[in-house]
Amino acid sequence: MTATDRYACVRYVVDDVQAAVGFYTTHLGFTLNSSAAPAFADVVRGPLRLLLSGPASSGARATPADVSGAGRNRIHLAVDDLDAEIARLRAAGLSFRGDVVAGPGGRQILLPDPAGNLVELFQPRS
């Protein structure tokens, strides 16, 4: 089995690779897979490999100049207890974008990483 068989990969362009690694490993249960900081690092959680590309990385350099800032896309992390996760992350000094939104499938809230990329924390309806 190769790495491409094991993981779904998502690239986030970040301003500070070390800050992004700290955010994902400290607060969201990712583990560091490899680091070539300050240009690049990747972290994993289950089958998700998150590629963190700093300004000097080839991934960031390949991004067109007219595309800047975090987009509307986001990774989606399922949690068992959204309210407990919100309380834990707020106690760690993190802020959210907006309030909890409920829909037919469950409840969610958006958490920005240090570069402003969004992470959706989602609790499925029981």
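This chain uses plain numbering: 1 for the first residue, then up along the sequence. Because the structure is predicted, anything quoted here is derived from the model rather than measured.
Without hydrogens or angle criteria, R125 side chain to P104 main chain gives a donor-acceptor distance under 3.5 Å. Using modelled atom types, no side-chain atom of R97 and backbone atom of G116 make a donor-acceptor pair closer than 3.5 Å. In this structure, D16 contributes its side chain and A115 its backbone to no donor-acceptor pair below 3.5 Å. Under the 3.5 Å distance criterion, the side-chain polar atoms of E120 are left unmatched by any main-chain donor or acceptor of H76. Not one N or O on the side chain of T26 forms a donor-acceptor pair closer than 3.5 Å with the backbone of F23.
Atoms CG and OG, from L111 and S95 in turn, are 9.0 Å apart once rounded to the nearest 0.5 Å. The line from OG of S34 to CG of D42 is 3.5 Å long, rounded to the nearest 0.5 Å.
Taken together through direct or relayed side-chain contacts under 4.5 Å among Ile, Leu, Val, Met, Phe, Trp and Tyr, F40 and V43 form parts of separate hydrophobic clusters. Under the 4.5 Å side-chain heavy-atom criterion for ILVMFWY residues, a single connected hydrophobic cluster contains both V17 and V10. F122 and L110 fall into different hydrophobic clusters, defined by Ile, Leu, Val, Met, Phe, Trp and Tyr side-chain heavy atoms under 4.5 Å apart, directly or through other members. No continuous path of hydrophobic side-chain contacts links V101 to L118 [ILVMFWY only; heavy atoms under 4.5 Å]. Linking ILVMFWY residues whenever their side-chain heavy atoms come closer than 4.5 Å, directly or via other members, places L48 and V119 in the same cluster.
Residues A39 and S57 come closest through the heavy atom pair O-CB, 3.2 Å. A pairwise comparison of heavy atoms in A78 and R45 identifies O-NH2, 3.6 Å as the closest pair. The two residues D83 and R107 make their nearest non-hydrogen contact at OD1-NH2, 2.8 Å. Taking every heavy atom of both residues into account, R88 and H27 meet most closely at NH2-O, 2.6 Å. Of all heavy-atom pairs spanning A19 and P114, the tightest one is O-CG, 3.7 Å. Nearest approach of L32 to A41, heavy atoms of both residues: CD1-CB, 4.3 Å.
Inspection of the Y12 and D113 side chains reveals no N or O donor paired with an N or O acceptor under 3.5 Å.
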Could you walk me through whether N33 and R49 pass side-chain contact (heavy atoms from CB on, under 4.5 Å), step by step?
-> CA-CA 8 Å; N33 189 50; R49 180 175 174 226; 4.1 Å; yes
Evaluation steps, side-chain contact (heavy atoms from CB on, under 4.5 Å), between R90 and E85 = CA-CA 8 Å; R90 281 195 173 131; E85 283 297 302; over 6 Å; no
Apply side-chain contact (heavy atoms from CB on, under 4.5 Å) to F30 and L77, showing your working.
-> CA-CA 11 Å; F30 284 79; L77 301 177; 4.1 Å; yes
Please assess Y24 against I75 for the test side-chain contact (heavy atoms from CB on, under 4.5 Å), listing each intermediate value before the final yes or no.
-> CA-CA 12 Å; Y24 286 100; I75 60 172; 4.2 Å; yes
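Test L121, L50, L94 against L28 for side-chain contact (heavy atoms from CB on, under 4.5 Å) and you get one pass: L121.
A 6.0 Å sphere centred on CG of D80 holds no more than 12 heavy atoms belonging to other residues, nucleotides or ligands.
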